[in-house]
Amino acid sequence: MTTETKTYRGRTLEELLPKIRAEIGADAVITHQREGLIGGIGGFFAKRCVEVEVRAGSLRAELNQRALPAKRIFDAYDASPIEASPDELRNPVIDAMIAQAAPFAQMLDAAEDREPGHRFEGFE
């Protein structure tokens, strides 16, 4: 299976699909789709367009790919409490977001403790 992609542009996806099937085959895989405007003058009279990146694929190969096994099974309809250790619930992305927001949260806490007319340094 090749990873080369080919880009197609047209007014609608429905307009592009027959061309993609004819050139690449029925097992083509759309890897990226963008919608935008082209042409026009200063933003006026522009026409809508769709741009898709497509690669040849094999449906059989796609079905044979294996996903990583789940660490635990999650049931969205189960209302019981989560039985997981804090380390299992820890996420580095969330930790980074909390670290970024900490100075702002500290300023909000400080603002609650000040009298109403006080202005903070650096906010002029």
Side-chain angles (χ1 to χ4, degrees):
M1 183 167 60
T2 181
T3 57
E4 286 186 28
T5 61
K6 187 171 182 182
T7 303
Y8 292 89
R9 289 186 189 98
R11 290 189 183 148
T12 65
L13 183 60
E14 290 77 20
E15 174 186 303
L16 294 174
L17 288 177
K19 186 176 182 181
I20 292 169
R21 284 191 188 109
E23 291 183 16
I24 296 183
D27 59 346
V29 177
I30 294 176
T31 58
H32 195 81
Q33 177 178 342
R34 290 182 286 274
E35 295 183 13
L37 300 172
I38 58 171
I41 302 170
F44 296 101
F45 310 111
K47 295 181 181 178
R48 292 192 174 274
C49 81
V50 175
E51 179 181 274
V52 292
E53 288 181 14
V54 182
R55 69 169 169 82
S58 168
L59 183 58
R60 189 173 306 253
E62 297 286 330
L63 292 175
N64 288 335
Q65 285 184 349
R66 302 275 180 196
L68 293 175
K71 290 182 180 177
R72 68 176 53 238
I73 296 174
F74 173 74
D75 183 2
Y77 297 103
D78 186 6
S80 63
I82 297 174
E83 296 174 9
S85 69
D87 290 336
E88 287 179 305
L89 297 175
R90 194 150 208 108
N91 184 324
V93 175
I94 301 296
D95 290 343
M97 290 173 60
I98 290 171
Q100 278 184 326
F104 180 70
Q106 290 169 352
M107 288 190 75
L108 286 176
D109 286 341
E112 288 179 349
D113 297 338
R114 303 275 176 165
E115 66 247 14
H118 186 269
R119 292 187 59 89
F120 285 95
E121 298 81 31
F123 287 103
E124 298 301 325

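The first residue of the sequence shown is numbered 1, and numbering continues consecutively from there.
With a 4.5 Å cut-off between side-chain heavy atoms of Ile, Leu, Val, Met, Phe, Trp and Tyr, the cluster of L17 takes in Y8, L13, L16, I20, I24, I30, V50, V52, V54.
Heavy-atom minimum distance, A46 versus G39: CB-O, 3.5 Å.
Note: R48 CZ to E35 CD = 7.5 Å, rounded to the nearest 0.5 Å. How far CD of Q100 is from CD1 of I98: 11.0 Å, rounded to the nearest 0.5 Å.
Crowding of I41 atom CD1: a count of heavy atoms from other residues, nucleotides or ligands under 6.0 Å not exceeding 12.
Qualifying salt bridge (Lys or Arg N to Asp or Glu O under 4.0 Å) partners for D109, counting only residues two or more places apart in sequence or in other chains: none. Residues satisfying the salt bridge (Lys or Arg N to Asp or Glu O under 4.0 Å) test with R34, not counting sequence neighbours, are E51, E53.
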